[in-house]
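See structure below.
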Amino acid sequence: MENAIATKAIFRDKKRRVWELDFLRGIAVIAMCFDHLMFDFYAIQFWFSNWFKVDNAVMRELSALAEAYWYSTFRFYAHFIFVFLFLFLVGTSCAFSRDNVRRGSALAVVSLAFTGVTLGLIPMGLMEQGVIFGILHCIALSILCAAAVDTASKRIRPLNVYLPLLLGVVICAVGIGRRFWLVYDNYDEVFDAAHLLDYILGGISYGDDWFGLFPNVGAVLIGMYFGKAAYSTRSSLIPRLGGKWSKPVGFVGRHALLFYLGHQVILTGAVTLLCLCLGYRF
């Protein structure tokens, strides 16, 4: 009988997916898209020079509702919950991967390219700040950290399973003690190259899409432990609940990177086009 807690990576098989992991990842991505859509509706009042002149009642109400959501207590806590869920599932996927070094390195290349694109948008007036160390950068480096922990402990099976949990809990506990994930009272409004390491490690925040490595890597390590402990046979824990109803959300979860890279362009473009059709002008 196979050990219930395996230390060997659970190799990916496209024909055998754990539906609930794709579904939960899809929920997290959809929540992110909704959050960013609400930001767009809140921000449109600053995008158009004739916002108050047009004064469309529907758009004015949408913007007001979006602003109320953006600064609400609900959004404050929901943000941390869904960020933790997404990073936790990243860690769970690390237990399924043959080569986390390759995965992390490939995502690091994508994240650096993303940084280049955002920096290129600043002179065009489309962004105020580039994304120096955002969620993609954090995930890439967290995957590489998870790979290092896994490699360092692989010769001792109990340690290989429980070390990610121990490290993850300690890192997250320290993070909660520092006002959850973000260091709100220690940030740069203007990029400072001397603070680059602090941006990466999480000591100083910079930009809207900033996710320092600590304590976010803790959620990834906890997820890695869960993947090893709960999915050693790569079988769904709740197989009878999956079905056609879950496939649309599961599709989003399976293609999370594509949705992340493309959603803001699509959402912002759609909101902008709608406003232009209603008579708003830059």
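Note: F88 and F226 have tilted aromatic rings, judged against thresholds of 30 and 60 degrees for the angle between ring planes.
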task = Please test S63 against F41 for side chain to side chain contact (heavy atoms under 4.5 Å, CB included), starting from the C-alpha separation and ending with a verdict.
result = CA-CA 5 Å; S63 184; F41 276 121; 5.6 Å; no
task = Could you check R25 against S93 for side chain to side chain contact (heavy atoms under 4.5 Å, CB included), going step by step and ending with a plain yes or no?
result = CA-CA 11 Å; R25 192 181 300 109; S93 296; 3.0 Å; yes
message = Using side-chain hydrogen bond (donor to acceptor under 3.5 Å, both in side chains), reason through S236 and W19 one step at a time and then give a plain yes or no.
response = CA-CA 7 Å; S236 172; W19 75 270; 3.3 Å; yes
message = Using side chain to side chain contact (heavy atoms under 4.5 Å, CB included), reason through N100 and R103 one step at a time and then give a plain yes or no.
response = CA-CA 5 Å; N100 284 310; R103 289 177 62 236; 2.7 Å; yes
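Residues P164 and L159 come closest through the heavy atom pair CD-O, 4.0 Å. What you find for A108 and A140 is that their closest heavy atoms are N-CB, 3.5 Å. Of all non-hydrogen atoms in Y280 and L276, the two that sit nearest each other are O-CD2, 3.2 Å. The heavy-atom pair separating L136 from L257 by the smallest distance is CD2-CD1, 3.7 Å.
Proximity of the aromatic rings of Y199 and Y206 is defined here by a centroid distance below 6.0 angstrom, and this criterion is met. Taking the six-membered ring for Trp and the full ring otherwise, the centers of Y162 and Y225 sit less than 6.0 Å from each other. Taking the six-membered ring where the residue is Trp, the centroids of Y69 and Y42 are separated by 6.0 Å or more.
Cluster membership for F39 and M32, using ILVMFWY side-chain heavy atoms within less than 4.5 angstrom, is not shared.
Distance alone, capped at 3.5 Å, places no donor-acceptor pair between the S232 side chain and the A229 backbone. Here the side chain of N160 pairs no donor or acceptor atom with the backbone of R155 at under 3.5 angstrom. Under the 3.5 Å distance criterion, the side-chain polar atoms of D99 are matched with a main-chain donor or acceptor of R102. N216 places a side-chain N or O within donor-acceptor distance of the main-chain N or O of G212, the cut-off being under 3.5 Å.
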Cut-off 3.5 Å, no hydrogens considered: what does the side-chain donor-acceptor table look like for residues 47-54, sequence neighbours left out?
from : atom 1 : to   : atom 2 : distance (Å)
S49  : OG     : R281 : O      : 3.3
S49  : OG     : F282 : O      : 3.2
N50  : OD1    : R281 : N      : 2.8
N50  : ND2    : G279 : O      : 3.0

Which pairs would a plain distance check flag for residues 258-271, meaning a side-chain donor or acceptor within less than 3.5 Å of a matching protein atom at least two apart in sequence or in another chain?
from : atom 1 : to   : atom 2 : distance (Å)
Y260 : OH     : D209 : OD2    : 2.8
H263 : ND1    : F259 : O      : 3.1
H263 : ND1    : Y260 : O      : 2.9
H263 : NE2    : H36  : ND1    : 2.6
Q264 : OE1    : T268 : OG1    : 3.3
T268 : OG1    : D40  : OD2    : 3.1
T268 : OG1    : Q264 : O      : 2.8

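By the side chain to side chain contact (heavy atoms under 4.5 Å, CB included) test, A148 is found to be paired with no residue, residues two or more places apart in sequence or in another chain being considered. Residues that satisfy the salt bridge (Lys or Arg N to Asp or Glu O under 4.0 Å) test with D35, not counting sequence neighbours, are R75. The ring pair (Phe, Tyr, Trp, His ring centres under 6.0 Å) check on F251 picks up H255, with sequence neighbours excluded. Take L119 and apply the side chain to side chain contact (heavy atoms under 4.5 Å, CB included) test, not counting sequence neighbours, and it matches T115, I122, I132.
A distance of 10.0 Å separates SG of C138 from CD1 of I143, quoted to the nearest 0.5 Å. The SG atom of C94 sits 8.5 Å away from the CG atom of L221 when rounded to the nearest 0.5 Å.
The side-chain contact (heavy atoms from CB on, under 4.5 Å) test with H137 is passed by exactly one of L213, I200, V131: V131.
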